[in-house]
Trainee: 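Let me give you the structure first, and then I'll get to my questions.
Numbered from 1 within each chain, the chains take letters A, B, ... in sequence-line order.
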There are 2 protein chains.
Amino acid sequence: MSTDVLDATFAALADPTRRAILARLAAGEATVTELAAPFEMSQPAVSKHLKVLERAGLVSRGRDAQRRPCRLEARPLKAATDWLENYRDYWEESYQRLDALLTELKDRDARLPDPHADETAPAAGSRNPKPDGTPRTDGPGSRGA
Amino acid sequence: MSTDVLDATFAALADPTRRAILARLAAGEATVTELAAPFEMSQPAVSKHLKVLERAGLVSRGRDAQRRPCRLEARPLKAATDWLENYRDYWEESYQRLDALLTELKDRDARLPDPHADETAPAAGSRNPKPDGTPRTDGPGSRGA
DNA sequence: TCTTCAGATAACCCCTTAGTTAAATAACCG
DNA sequence: CGGTTATTTAACTAAGGGGTTATCTGAAGA
């Protein structure tokens, strides 16, 4: 879970073109020209994006004659999700006010000296034990054959 | 869920310093100098990072005399997580081989013409209905008072 | 072999980013 | 008012990102 992985992954995801490429690859392998088609940019530009995705480990490529089919490698996305998961408690709306309250009280009580918490451990709260059963809002369509 | 939000959020998360800042803020509000202390860079540099985080909506700031305490605003992280959630099926190891198989079969069967899938909808699979009960590996410490 | 198709590289542009130091604000403290 | 503390802004450098066009490589196929 070295920071480099997260660096590269998040950086790769920061571009809409690259996210679109990943979305396309989620539907199955595709060649560079196939991937480039939907976009208004040149093919070399897409090649560059692919290189970024490849460096981040999000895409791997095979070989079929002169074609270099790309396929999705989603594993780094797990690292990213894992990192984000530490903050799940913080975006649950219902706790936002409680959180503000706690911070204020703590602030008033004593000025806490805690200059840094490790990057990988945001000291996630004991508030939400985690596995909430919330069903995904996005409707997963049928995939594969 | 405009792409701009994801752009800014993922871009903000692509820097280890900024991720560390967020981790620190998860433990409670902090002033700029408090946030800057752990790092070897100058304080203005940290201010810049904070501005990036602020622009992404990940940090908001109050005012306490000459201090401008920063607090975590985790909502954009939900958008990021939601996007990543669409790919959850793809990183479940057990399916990697099955996926490869399916793609190959489909490829052999007929060359599918599906140039682009929308960015927000990677056509997530019907394979994994989703709410897996996997407990988080990171140990959430106690938080708040 | 000559051609064509599929991608990769190169060389270049422009703009952003991450960092620096130094100076400007802004609010408190005496 | 004058000084100290906290933070922002300015000006600058070095590096990298995203895009372009033009050129090179490499495999297929006539």
Trainee: What is the separation between atom CG on Asp64(B) and atom C1' on dT5(D), rounded to the nearest whole Å?
Mentor: 13 Å
Trainee: Measure the distance from CG on Leu50(A) to P on dG17(D) and round it to the nearest whole Å.
Mentor: 15 Å
Trainee: Whether Thr17(A) contacts dG18(D) is assessed here as follows: a side-chain N or O lying under 4.0 Å from the phosphate OP1 or OP2. Is that the case?
Mentor: no
Trainee: Under 4.0 Å, counting only non-hydrogen atoms across every strand here, what does Ser47(B) touch: a base, just sugar-phosphate, or nothing?
Mentor: base
Trainee: Looking at the side chain of Pro44(A), which of dT21(D), dT7(D), dG18(D) is the nearest nucleotide?
Mentor: dT21(D)
Trainee: For Asp64(A), run the salt bridge (charged side-chain N to carboxylate O under 4.0 Å, His left out) check against Arg61(A), Arg67(A), Arg68(A) and tell me which one passes.
Mentor: Arg67(A)
Trainee: From the list dA28(D), dT7(D), dA11(D), which nucleotide is the closest neighbour of the side chain of Arg67(B)?
Mentor: dT7(D)
Trainee: Atom CD of Glu34(B) to atom C1' of dA6(D): distance rounded to whole Å?
Mentor: 11 Å
Trainee: More 5' along DNA chain D: Gln43(B) or Ala45(A), using each one's nearest nucleotide?
Mentor: Gln43(B)
Trainee: Start with the C-alpha distance between Asp82(B) and Lys78(B), add both sets of side-chain angles, then the distance that settles salt bridge (charged side-chain N to carboxylate O under 4.0 Å, His left out), and finish with yes or no.
Mentor: CA-CA 6 Å; Asp82(B) 286 349; Lys78(B) 173 157 176 49; 3.3 Å; yes
Trainee: How close or far is atom P of dG7(C) from atom CE of Met41(A), stated in whole angstroms?
Mentor: 16 Å
Trainee: Tell me the interatomic distance from Asp7(B), atom CG, to dT16(C), atom P, rounded to whole angstroms.
Mentor: 14 Å
Trainee: So, is Arg18(A) close to the dG18(D) phosphate, meaning a side-chain N or O under 4.0 Å from OP1 or OP2?
Mentor: yes
Trainee: Look up atom CG in Leu25(B) and atom CG in Leu58(B), then write down how far apart they are to the nearest 0.5 Å.
Mentor: 10.0 Å
Trainee: Can you find an N or O donor on one side and an acceptor on the other, under 3.5 Å apart, linking the side chain of Gln66(B) with the base of dA27(C)?
Mentor: yes
Trainee: Can you find a side-chain donor-acceptor pair between Thr81(B) and Glu85(B) that sits under 3.5 Å?
Mentor: no
Trainee: May I have the distance from Asp15(B) (atom CG) to dG16(D) (atom C1'), rounded to whole angstrom?
Mentor: 13 Å
Trainee: Over how many whole Å does the gap from Lys51(A) atom NZ to dG7(C) atom C1' extend?
Mentor: 11 Å
Trainee: Using whole Å, report how far CZ of Phe10(A) lies from P of dG17(D).
Mentor: 17 Å
Trainee: Would a distance-only check, ignoring hydrogens and angles, find a side-chain to backbone donor-acceptor pair under 3.5 Å from Arg18(A) to Ala12(A)?
Mentor: yes
Trainee: For the side chain of Lys48(B), starting at C-beta, report the closest nucleotide among dA11(D), dG18(D), dG17(D).
Mentor: dA11(D)
Trainee: Please state whether the phosphate of dG7(C), meaning OP1 or OP2, lies under 4.0 angstrom from any side-chain nitrogen or oxygen of Thr33(A).
Mentor: yes
Trainee: Just compare dA18(C), dA8(C), dT21(C) and give me whichever is closest to any side-chain atom of Arg68(A).
Mentor: dA8(C)
Trainee: Counting only side-chain N and O atoms of His49(A), is one of them less than 4.0 Å from OP1 or OP2 of dG19(D)?
Mentor: yes
